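A short write-up of the structure that comes next.
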Protein chains: 2
Amino acid sequence: MKSMVKTQHEARAKIIKAMAHPSRLFIIEELNKKERCVNELTDMIGADASTVSKHLSILKNAGLVTDEKRGNSIFYSLRVPCIMEFMGCVEDVLSSTAKQHLEVLKCCRK
Amino acid sequence: MKSMVKTQHEARAKIIKAMAHPSRLFIIEELNKKERCVNELTDMIGADASTVSKHLSILKNAGLVTDEKRGNSIFYSLRVPCIMEFMGCVEDVLSSTAKQHLEVLKCCRK
DNA sequence: GCATTGTGTGGCAATATAGCCAAATAGCCA
DNA sequence: TGGCTATTTGGCTATATTGCCACACAATGC
């Protein structure tokens, strides 16, 4: 693989990897609705505050979210909304896989 | 987080995690152009054949690719083309981050 | 000042991932 | 049959990720 192409894929993979965690997907989805502070997200997710903070820093580091300090809290918001469009495709993968599994079942029952 | 929502995010994360690797992104991109057998991909990537085979099995397990045996080779193809549309969004993240970094530089130089 | 609240950081243990080698399996061709 | 190629699997080590705890640190309110 050519080195330039490889670098490009590494950069992309870093972003996608930042999304590749249930809690972080949840955060992305929530931030797509409205901005949230760490505290709110921590309550919703039900994990340790430090854990959520680290998830947010991973998302921020990947360039997916921005933070803004207001008073005592830090509000995070989604920087690139097009990410949410991708979820539809992910759902397609899931449903198409489920459909295929059903077909296999049908086939074997005959 | 409600359990059903959590399960949904876990399912999605599994698919996204399967994409979150440079070599696997490369494979996805190649398979979007045309089907390929393990051997061809191994040559292109330049890793051990067993490594590439494992990457393919991860992609297959996530429902992203299908395989079809023909003769001595196994040909893989992309199952859900909409994945490629997402790459545009990932590039947006990258360029928007780069742009922001430039702004910061400009700002500090003044 | 002091207690409280909201966030981030360092450290740690458990777990997951990556990639190589060696070996097994399957199909092809003499 | 035997040798060859293509692919997968198991085993191993190195590395990365996750999530908790304890602590640090800033802003707020009293």
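Proteins get letters first, then strands, A, B, ... in listed order; numbering begins at 1 in each. Small disclaimer: the values here were computed from a predicted structure and weren't measured.
At whole-Å resolution of the value, CG in A:Leu25 and P in D:dT18 are 11 Å apart. Between the CG atom of A:Asp67 and the P atom of C:dG8 there is a distance of 7 Å, given to the nearest Å. Across the protein-nucleic acid pair, B:Leu41 atom CG and D:dT5 atom P stand 19 Å apart, rounded to whole Å. The distance from atom CG of B:Asp48 to atom C1' of D:dT8 is 12 Å, rounded to the nearest whole Å. Atom NZ of B:Lys14 is separated from atom C1' of C:dA16 by 14 Å (rounded to the nearest Å). Counting to the nearest Å, the P atom of C:dT17 and the CG atom of B:Asn61 are 11 Å from each other. Taking atom CG of residue B:Leu56 and atom P of nucleotide C:dG19, one finds them 13 Å apart after rounding to whole Å. One atom, CD of A:Glu35, and another, P of C:dG6, lie 16 Å apart when rounded to the nearest Å.
Contacts of B:Arg24 with the nucleic acid, taken as non-hydrogen atoms under 4.0 Å apart, involve only primed sugar atoms and P, OP1 or OP2. Looking at heavy-atom distances under 4.0 Å, A:Thr51 makes contact with a base. Residue contacts for B:Tyr76: at a heavy-atom cut-off of 4.0 Å it reaches the sugar-phosphate backbone alone, with no base atom in range. B:Ala49 comes within contact range of at least one nucleobase, with a heavy-atom separation under 4.0 Å. A:Ser57 comes within 4.0 angstrom of no nucleic acid atom, judged by non-hydrogen atoms across all strands.
Dashed line: the shortest gap from a side-chain N or O of A:Ser73 to OP1 or OP2 of C:dT7 is under 4.0 Å. Side-chain N/O atoms of B:His55 include one lying less than 4.0 angstrom from OP1 or OP2 on C:dG19.
Contact check on B:Arg12 versus A:Glu29 returns a salt bridge, with a Lys/Arg side-chain nitrogen under 4.0 Å from an Asp/Glu carboxylate oxygen.
Side chain of B:Thr51 to main chain of B:Ala47: no donor-acceptor pair is present (N/O by atom type, distance under 3.5 Å, no hydrogens or angles). The closest donor-acceptor contact from the side chain of B:Thr97 to the backbone of B:Val93 lies under 3.5 Å. In this structure, the side chain of A:Arg79 does not engage the main chain of A:Leu64 through any donor-acceptor pair within 3.5 Å.
With the nearest nucleotide of DNA chain D identified for both A:Arg70 and B:Val38, B:Val38 has the one nearer the 5' end. Where A:Lys17 and A:Phe75 meet DNA chain C, the nucleotide closest to each residue was compared, and A:Phe75 sits on the side nearer the 5' end.
Remark: the A:Lys60 side chain and the C:dG8 base include no donor-acceptor N/O pair separated by less than 3.5 Å. One cannot find a donor-acceptor pair under 3.5 Å joining the base of C:dG6 and the side-chain atoms of A:Lys69. Contact of A:Asn72 with C:dT5 (side chain to base): a donor-acceptor pair of N or O atoms is detected under 3.5 Å.
For the pair B:Arg70 and B:Phe75, the cation-pi test (distance below 6.0 Å, angle within 45°) is passed.
Nucleotide C:dA30 forms a pair with D:dT1, judged by Watson-Crick or G-U wobble geometry with both contacts under 3.5 Å.
Note: B:His21 and B:His55 have tilted aromatic rings, judged against thresholds of 30 and 60 degrees for the angle between ring planes.
When distances run from any side-chain atom of B:Lys54 to the nucleotides D:dG10, D:dT18, C:dA18, the shortest one goes to D:dG10.
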